[in-house]
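Here is how names work: the chains are called A, B, and so on, in the same order as the sequence lines, proteins then strands, and each is numbered from 1. Quick note: numbers below take in every heavy atom, side chains included, and nothing from hydrogens, waters or symmetry partners.
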Amino acid sequence: MVFWPSVIVATPAHSGVGHTLSYRSEFLLTPGTLVRVPLGTREVLGVVWDCPNAAPEDLNEAKAKNVIGALEGLPPLNARWLRLIRFASQYYQRGLGEVALAALPPQLRELDAAQLARRMKKRAKLATAMPDGDTPASDAADTGHELSEEQAQALAALETAQAPVLLFGATGSGKTEVYLRATRRALDATAPGNVTTQVLVMVPEINLTPQLEARFRERFEPVYGAGAVVCLHSGMTPAQRLASWLAAHTGGARIVLGTRMAIFASMPGLRLIVVDEEHDPSYKSQEGARYSARDLAVYRAKLESDALAGQGQRCLIILGSATPSLESWHAADQGRYLRLAMPARIGGGALPRLRLVDMNHQPKGAVIAPPLLAAMAERIERGEQCLVLLNRRGYAPVLACHECGWKSGCPHCSAYRVFHKLDRTLRCHHCGFTERVPRACPDCGNLDIAPVGRGTEQLEEQIAQLLAGVKRPDGEPPRVARMDADTTRLKGSLETQLAALHSGEVDVLVGTQMIAKGHDFRRITLVAGLNADSALFASDYRAPERLFALLMQAAGRAGRDAAFMGTQGGASEMWIQTWYPQHPLFATLRTHDFPAFATEQLEERESAAMPPYGSQALLRADARTQAAAQAFLNIAADQAAGLPHRDEITLYPAVPLSIQRVANVERAQMLVECASRSELQRFLAAWQPVLHACRSAPEAKGLVRWAVDVDPLTI
DNA sequence: AGCACGCCGACT
DNA sequence: GTCGGCGTGCTC
């Protein structure tokens, strides 16, 4: 008997959506089996998609090669995993192979049978070392963590929830405790057969994994043993990733904690998915298959639940945020998601009061307006901490010559290089091109070249000067520190800086939005945002939503410790410097009224037929010249004539991206819009082969690459 | 992605 | 006359 397995392989050229290669095999191979197959002169990893016993019509049987072998000892990937991959491949218009193989740890390709056997043995040993039978009752793990009324109600509602849950909880309302309790319940549920139940917890950024990991380990390792919690993110070494992946796949790991890539982890016993900070744009991949891990999580939970329905079980999904995405908020409005609100902060700490500084009435050129400076000084004298946000790294965004008008442009990008004073460099934040700062103007030789505008480096320097006369309670001058991508680049430096902040060594922390996220600073009572205006009038229609989320998140850093606040007598404050204090966004921010903000934003979206009321995709093209990039897009638009639903689709004119050239590649895009998501899907599927063909059009000579971005975050 | 094949400039 | 540049095209 001979079989003709169709196999997914990871070659881009075979990435026609749904494309597989057929091989020959003496054995029946279960779909999902990991195999090694010959491809060209190489031997590559593949995943069996199907295993018919007759060769497909279009296969030249003489050309077909034999499957080399299966990866021994590895259980096949299950049917739900394969369906998740198929869905992601179709929805995001990328090859099956690309999606599937990107989801597997790269090391898996290099493992030979002996290595694999060793690893599996090690896993088995670990598993037997786990406490079981007379383990501590898992309830005991929760003692010492009392629930608020709101948390208890949310947990009760989770028990019976039949739809995805949108956990709308203020910063500090104790969402994490709800995740922990829900996790315990999911893991304790007895599953039929030999299945160990599992939980997937996703966070938007690598930076946020260590602290959440610590909480999950502390809570669950005493019950389920060491190795019950594993992480999965791009910051891990290949060996670590492989170990985590195998643990998840074989059921040894009960909890997988990771960034967006973790959505593709093989977890046969999945019973709960948590997507923390579900609104965060990091969940949308910006290269390769541009998937939304949050949206795939909702789909995955549905797949698992459908499969479990016969056993009266389900896979729950919790989307948590203090400022949910408008997509999720809308779904809850429609009743497709169950909204659970936890508005109160644990310990009753009040949310900070909003203080707007009208920059129209401040001294010209003031970095920090006098009233804000005075408020900061007062806090420092009381031994409290301040957080100052500025969304610009470096010393100054551009260096300019006052004589001839030269500016520090990047030779490879249509952007300025940023002046970094500490190492005296000009750095392009887009392509990384770095040079020493020139002594004189490269164009006219003038020595008078000066920084224009302000970044975090300069702000740190200026704040230190402005507060030089202020004294801490111990009589010492205030300590100003900075935290951004530049100061945390080295491994471990983030932890060091957070420790310094927690121990009270730092009085004022200056930084980019990095400092607004997640970290639990106890003594911060004042948060200031300096350049919010740039987002108020941005062309990007999602800018207000991101600004609101950032400011709410930043505000959430202040006054978290009610006991500490009690000793201080003063309320915490959120200061914002703006030229537009009348902007309606601030009115809703003042009352921390996210529902009002969301309602107003959704009304605007509806009247413009924007998402979530309409569907969008982008066709993007990179080429050596802007003309070639646009020519490709225009040909693609012409060739779309007659495709399914073409009449319901709007193709907008091709335009250059706002940063037109990056690393000497010209970039252009075309917006694709449709009122109906499914019609857009059918159109894109039909367009795919046309796009492949347009690649070789003579006008598009110089095209480097093209890609479709479904549900883009920025347009 | 790799890795071949293929057609034009500077070397033993 | 060969070595080698990387443009184009294929891998069951």
Side-chain angles (χ1 to χ4, degrees), chain A residues 1-71 82 85-86 89 92-111 234 238 261 264 285-290 621-625 628-629 631-632 635 663-666 688-708:
Chain A
M1 188 107 187
V2 176
F3 299 90
W4 302 91
S6 59
V7 176
I8 319 172
V9 290
T11 63
H14 288 116
S15 72
V17 177
H19 195 116
T20 59
L21 294 181
S22 291
Y23 289 84
R24 228 172 162 277
S25 166
E26 310 296 317
F27 313 99
L28 176 65
L29 294 164
T30 312
T33 303
L34 288 150
V35 289
R36 247 181 268 284
V37 291
L39 182 69
T41 56
R42 295 174 303 150
E43 184 186 317
V44 298
L45 181 68
V47 178
V48 174
W49 187 248
D50 194 15
C51 196
N53 54 19
E57 296 268 316
D58 56 347
L59 180 72
N60 175 352
E61 291 187 28
K63 226 174 78 179
K65 294 181 185 172
N66 279 309
V67 169
I68 294 166
L71 268 68
L82 291 172
I85 296 298
R86 182 177 65 183
S89 159
Y92 294 105
Q93 302 288 319
R94 303 292 289 209
L96 266 179
E98 186 187 1
V99 176
L101 278 299
L104 300 174
Q107 292 258 113
L108 209 52
R109 291 168 214 196
E110 285 132 45
L111 277 188
S234 57
M261 69 183 329
F264 293 117
S285 164
Q286 293 299 334
E287 67 204 6
R290 292 161 147 83
D622 289 356
R624 283 205 292 272
T625 65
F632 169 80
I635 294 164
N664 291 322
V665 172
E666 289 282 338
Q688 193 75 20
V690 176
L691 295 173
H692 277 285
C694 289
R695 196 184 212 307
S696 44
E699 297 91 329
K701 191 168 155 49
L703 184 76
V704 177
R705 65 183 87 84
W706 61 270
V708 176

Q. Given A:V67 and A:V48, is the side-chain contact (heavy atoms from CB on, under 4.5 Å) satisfied, shown in steps?
A. CA-CA 10 Å; A:V67 169; A:V48 174; over 6 Å; no

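Atom CG in A:D50 sits roughly 15 Å away from atom C1' in C:dC12 (whole-Å rounding). As rounded to whole Å, 15 Å separates atom C1' of C:dG7 from atom CG of A:L703. Rounding to whole angstrom units, CG of residue A:L21 and C1' of C:dT11 are separated by 7 Å. Here the P atom of nucleotide C:dC12 and the CG atom of A:N66 are 12 Å apart, to the nearest Å. Rounded to whole angstrom, the span from the CD atom of A:E57 across to the P atom of C:dC12 amounts to 21 Å. For the pair A:E61 CD and C:dC12 C1', the interatomic distance rounds to 12 Å; values are reported in whole Å. Rounding to whole angstrom units, CZ of residue A:R705 and P of C:dG7 are separated by 16 Å. Across the protein-nucleic acid pair, A:L39 atom CG and C:dT11 atom P stand 9 Å apart, rounded to whole Å.
Of the side-chain N and O atoms in A:K65, one or more sit less than 4.0 angstrom from OP1 or OP2 of C:dC12.
A:L691 places a side-chain heavy atom less than 4.5 Å from the side chain of A:V708.
Checked against side-chain hydrogen bond (donor to acceptor under 3.5 Å, both in side chains), A:N53 has no partners two or more places apart in sequence or in another chain.
In this structure, A:Y23 contributes its side chain and A:P38 its backbone to a donor-acceptor pair below 3.5 Å. Checked by atom type and distance alone, the side chain of A:S22 never pairs as donor or acceptor with a backbone atom of A:S6 at under 3.5 Å.
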Between the protein and nucleotides 2-4 of chain B, list every N/O to N/O distance that falls short of 3.5 Å.
from	atom 1	to	atom 2	distance (Å)
B:dG2	OP1	A:R42	NH1	3.4

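With A:W49 as the partner, the side-chain contact (heavy atoms from CB on, under 4.5 Å) test is satisfied by one option alone out of A:L29, A:V7, A:L96, A:T33: A:L96.
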